[in-house]
Every structure is written in structure tokens, then in C-alpha cells.
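Can you read through this structure? Questions will come right after.
As the structure is a prediction and not an experimental result, all values here were calculated from the model.
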Amino acid sequence: MKQSDKPLFNKLIKHATKTPNSFHVPGHKNGDVFGKEKSLFSSILTIDQTEITGLDDLHNAEGVIAEAERLTAELYGVQSTHFLVGGSTVGNLAMSLAFLKRNDKVIVQRNSHQSVFHGIELAGAHPIFIEPERDPLSQLVLGVSIETLQEAIKRYPEAKAVFITQPSYEGYTQSLVSHVKAAHGANMVICVDEAHGAHLLTANKNSWPESAVAAGADVVIQSAHKTLPAMTMASWLHINSTSITAEYLSYYLRLLQSSSPSYPLMASLDLARAYVATISSADWKEKALKMNEFKRAFKTDHEWFCASQTINQFTQDPLKVVFITPLQGLPYLWKREMEKENVYPELVSPHHLLLTLPLTWDSNKTEKWVPFFQRLFQHSLVEKGHFKRWKPLQHNCRKKPVSAQRLTFEEMTTATQDVSPWQKSEGAIAAETITPYPPGIPLIIKGEQITHHHLEQLAELIEMKAAFQTGKQWLEKGIKIFSI
């Protein structure tokens, strides 16, 4: 088969053109049974099928789904690929359960997505946190240094696995070759949540950051829907090592994913793979140049600036654009003004605004959007007197590079809980996780000690009316803590 082939998608279209009579689920019967909104859904309903003859079964793939997965594995140069219909989340859960047993230790990047920590909790394992590097000027989190990982491995040689997240939400990456070598040298598997890096391929290795696949990570999970033309939740898990038993991961994916997976989602994975496979190395280089030209178009202003494309050993993904301001909270004003003009950013925080560019970015888009953002920033400075300034991070503010939960998940099941006003909870051990969303990275994790730094960040987020995916019960009722 060729990379331009779309076996699953084409099979679904062929089935739909037969105008089949459905005496099977789903209940919309190829779109015959639907409300007045049918016109909006009609084209997709014809391929919203189930495991009938010829359409294969995700959990026992032997036909067109297996062919689509093989083509994906071939494109990325891995041993095998599993399609995911529950986002990278389900991949992160499955990898935790596949590699960890109760009370195992796992070295995990502290700013990982909440699903990584959920997986560790489900496995009953004991996380050893490794802190990422942070840029003092922009306050952006970058990634875990090899020195920090080596320190963690030295202190916890009994750990079974290393879980790394890269690219960062803001797109910063580094070569993970040394990280992989260090983990393997200690007989640990290394798994990478590369949710924002599905577009990092061998074909663009000379002009785009290196993928964890190329670095030799054992398992790499990518959200195709984040940067490729795939539907929301459509993701895949790559097995990149002959020492990994694919059947074991398959077992947990069957356990965690729906037995009725969405065919439109899987078909979009087939199409996304075919789309990026047709982009030549020259085209990838041109795309990177155009995106980086857009970033360089913004002159540095002392009230705001575009984050650097390189910070020490870290390189930013061309798709990501970050605007930083020393005026705390100003990005929320930027967001409100953007949305008035029907423009929506990826993320805002008290200190920065993040854009994720499309793969179709070109010079015309740069000409269109540079004036828009320049006007936005210039107009916002009229309000600068309403915002206080934050100071660059000091060295003594750096968190411990390696730390552990104060209580294991097993100990938490029998520990007594109490409630404390969040403002007075410094030093206590959290009995609940608090996660701002986006980006879905826990600020406070159940079982860890609450620090002054946690509470400072929490106060900032509350002041800016940030959203929390774990709810805001603690805001009025107090945060749950363990009494020990």
C-alpha cells in the first residue's frame, strides 16, 4: 500500500454509496432517523458505522483498520501504532497500567497532563516528580534537563519507568536521546506524552524539532487532532521498541476504550496520516520559515514581547507562538478583545497568550495577522496602569528538581481527611487535586505537600477568574487535606 491510500475512509465511503439498509446500531440508521438538525450532520452520519462485515473491529483489527494502523506505523517508523478514540488521555492511562504495578515507583515530569497522574493513581504506583526547567525572563516552562533525570534515577534506581512530556504546551522541545539512554541504562522504559507533536516526522527532522520517536522512546502518544487535520479526540499510540509487548497495551486499550469506537474519528486519523504523508521535506522547511517569519515580525516592546524560538537547549515548535507581558493579567484583556472580533487563542495565563498556527500557514496569513496583533497590543497599553508588574524569577525560587508525594495512594485510602481554608493550607498535604483548564496540568496533586508557591499561583488564577476542571468547591468550603 502507498501512503496516499486511505483504506478505512475509502471503505466507509464505498459502503455509504450502496445506500445500505441498516438493521444494526447506531440508532440514526445512516441518518434516516434524526431531528431537524439532520442537514448539519447528514454527510458524517453515512460513515458513522459499527463493526459490520468489511469494516473491521478496532479491538481485533485484521482488515481496513489494521491496514490504516500499519500505514501510520510505517510513516512514523515505529514497530506498531494503535488508533485511539479517547484522546491521548486513554493512551496515557493505558501506558501507566501496562508498565506499573501497585507501589511501583515511576519518575514523572511534574508538569505532565492530568491524565498521566490519573493513570499512575489507577495503577497505585508512587510518582517521583522531576521539575522542568523554567525560563526566568518569560516564566515559561520548558522541559526536564538530563541532569535532573539523572539525579532522579540515581536516587530512585528501583523505579520502573520514566514518563516525559514534550513538546511543552508552549511548544518547547529538546533532543531526548540522552534521556532515553539514561532510562534504558537503568533498565527503565521511557514513555513520552507527545500530544502536541503528531506533526514531528522524519520528513521534517532538518527544519522542525526532533520527535521522541526519533530519540528512541519506547512508547510515544500523540494527539493527531491537536496539530493535524483530525477530529477532536482522534489520537494514536506508537510502540517504538521490540522489547514492548503490544498485546499487553492492547489489553488495557480494550479495557479503557469504548467497545463501539467512532468510525468518523478513526477515518479522520486515516485521512490525517495521508495528509501529512504527502508533504515533502522542502514543503516542511518552507512552512517552518513562514511561521518563524511571522514571529520575527513583532518588534520587541518593553511591555510585551514574542517568546524566543530558542532558549538554552530548548527549541520552539514553529506552530506555537507565545506573547509575553510583564503586566500581570494583561493577556486576559487581550483574549477578551480578540473574542470581540471572533478570534480565539489557544490559551491565556496571567503572563502570556498562546497561539497554535495551522499547517497551512503562509505569507498571506502573516500579512493579514501581523497588523491585527500589533493593533491589539498597542491598544491594550492604554490600560497598562490597571495591571501590576511581575518580577523575573529568582534562583532561590526554583523548586526542588526531584521530589516525591508525602503519602502514597495506598496510604491515602486510610488517612483521615480534614478541610482548611486554601489561604491557610501551606505545609498541609493535599487530599484533592486542583487542575486549571486549559491546559489540564495539575497545580496541586493529591498527596503532595502544599507550598507557598502553589498558593501564590492559585491566588493569581483566582484573581484572573481562571477555570478549573476539578471544580471550585475549595474556594468557599476550603481545600481537602490529610490529617497526619
Side-chain angles (χ1 to χ4, degrees), residues 110-118 129 131-132 134-136 138-141 168-170 303-304 322-340 344-354 380 383-394 397-399 403 405-406 417-483:
R110 176 56 183 82
N111 66 320
S112 296
H113 188 263
Q114 59 184 328
S115 58
V116 173
F117 297 109
H118 291 164
F129 303 125
E131 286 292 332
R134 185 185 289 264
D135 176 38
S138 66
Q139 299 197 8
L140 292 176
V141 174
S168 69
Y169 207 92
E170 287 76 23
E303 303 295 5
W304 61 269
V322 185
F323 294 110
I324 309 292
T325 175
L327 300 174
Q328 183 171 293
L330 184 59
Y332 291 97
L333 174 61
W334 292 345
K335 178 175 181 284
R336 289 194 298 271
E337 293 303 310
M338 288 171 66
E339 291 178 350
K340 287 178 183 177
Y344 298 87
E346 171 73 24
L347 171 76
V348 290
S349 81
H351 309 128
H352 75 290
L353 180 141
L354 171 64
S380 71
E383 304 287 337
K384 68 179 183 180
H386 298 289
F387 300 95
K388 62 181 181 182
R389 291 177 175 272
W390 50 261
K391 297 179 181 178
L393 291 175
Q394 302 299 314
C397 293
R398 192 174 188 273
K399 302 175 185 177
S403 61
Q405 280 180 317
R406 290 292 301 276
Q417 288 191 21
D418 201 350
V419 176
S420 168
W422 69 267
Q423 301 93 329
K424 299 179 180 180
S425 61
E426 182 178 347
I429 298 174
E432 63 178 319
T433 296
I434 296 177
T435 305
Y437 195 87
I441 296 169
L443 173 61
I444 297 173
I445 296 177
K446 182 167 63 174
E448 74 173 343
Q449 190 166 33
I450 300 171
T451 66
H452 181 70
H453 183 68
H454 285 142
L455 299 184
E456 280 188 328
Q457 288 182 289
L458 199 55
E460 276 186 8
L461 292 167
I462 292 168
E463 183 180 353
M464 304 303 162
K465 297 180 172 56
F468 293 84
Q469 200 160 59
T470 42
K472 290 186 178 179
Q473 305 90 327
W474 46 268
L475 195 54
E476 295 180 359
K477 298 180 180 179
I479 189 171
K480 295 177 185 176
I481 59 172
F482 288 113
S483 301

Considering all heavy atoms of both residues, which atom of K480 and which atom of E432 are nearest to each other, and what is their separation? N-OE2, 2.9 Å
Indicate yes or no: at least one non-hydrogen side-chain atom of F117 is less than 4.5 angstrom from one of F129. yes
For a 4.5 angstrom cut-off between non-hydrogen side-chain atoms, does V419 reach I479? no
Drop me the distance from Q139's CD to H352's NE2, to the nearest 0.5 angstrom. 10.5 Å
Passes side chain to side chain contact (heavy atoms under 4.5 Å, CB included), L354 versus F323? Steps please. CA-CA 7 Å; L354 171 64; F323 294 110; over 6 Å; no
Between T451 and H454, do the side chains contain an N or O donor and an N or O acceptor separated by less than 3.5 Å? yes
Side-chain contact test, heavy atoms from C-beta onward, threshold under 4.5 Å: evaluate it for E426 versus H453 and give yes or no. no
Does E346 come within less than 4.0 Å of K335, counting only side-chain N to carboxylate O? no
Let's go through Q469 and Q114 carefully: what are the C-alpha distance in whole Å and the side-chain angles of both, what is the deciding distance for side chain to side chain contact (heavy atoms under 4.5 Å, CB included) to 0.1 Å, and is it a yes or a no? CA-CA 10 Å; Q469 200 160 59; Q114 59 184 328; 2.4 Å; yes
At what distance, to the nearest 0.5 angstrom, does CD1 of I429 lie from OG of S483? 9.5 Å
Non-hydrogen atoms of S380 and L333 that approach each other most closely: CB-CD2, 4.1 Å
Would you indicate whether K472, at its atom NZ, is surrounded by more than 12 heavy atoms from other residues, nucleotides or ligands within a distance under 6.0 Å? yes
Show your reasoning for whether side chain to side chain contact (heavy atoms under 4.5 Å, CB included) applies to I324 and W304. CA-CA 5 Å; I324 309 292; W304 61 269; over 6 Å; no
Would you mind checking if E337 and K340 are paired as a salt bridge, meaning a charged N to carboxylate O distance below 4.0 Å? yes
So do the side chains of R389 and Q328 get within less than 4.5 Å of each other, counting heavy atoms only? no
Set out, in order, the CA-CA distance, both residues' side-chain angles and the distance that settles side chain to side chain contact (heavy atoms under 4.5 Å, CB included) for S112 and I441, then state yes or no. CA-CA 6 Å; S112 296; I441 296 169; over 6 Å; no
Atom CG in L458, atom CD1 in I444: separation rounded to 0.5 Å? 5.5 Å
Between T433 and K446, is there a donor-acceptor pair closer than 3.5 Å when you use the side chain of the first and the backbone of the second? yes
May I ask you to test the W474-I434 pair for a side-chain heavy-atom distance under 4.5 Å? yes
Please check: side-chain N/O of T325 versus main-chain N/O of L327, any donor-acceptor pairing under 3.5 Å? yes
Rounded to the nearest 0.5 Å, what separation is found between the CD atom of Q417 and the CD1 atom of I481? 9.5 Å
Test your reading of the model: is there a side-chain donor-acceptor pair from Q405 to the backbone of E448, 3.5 Å cut-off? no
In terms of heavy-atom contacts, L443 and Q457 come closest through CD1-OE1, 3.2 Å
S115 versus H113, side-chain donor and acceptor atoms under 3.5 Å: yes
Looking only at non-hydrogen atoms, find the nearest pair between Y344 and M338 and report the distance. C-CE, 4.4 Å
Of all heavy-atom pairs linking P350 and P331, the shortest is O-CD, 3.5 Å
Taking atom OG of S425 and atom CG of L455, what is their separation to the nearest 0.5 Å? 4.5 Å
Taking atom CZ of F482 and atom CG of D418, what is their separation to the nearest 0.5 Å? 11.5 Å
Which atom pair, heavy atoms only, marks the closest approach of L347 to E170? CD2-OE2, 3.8 Å
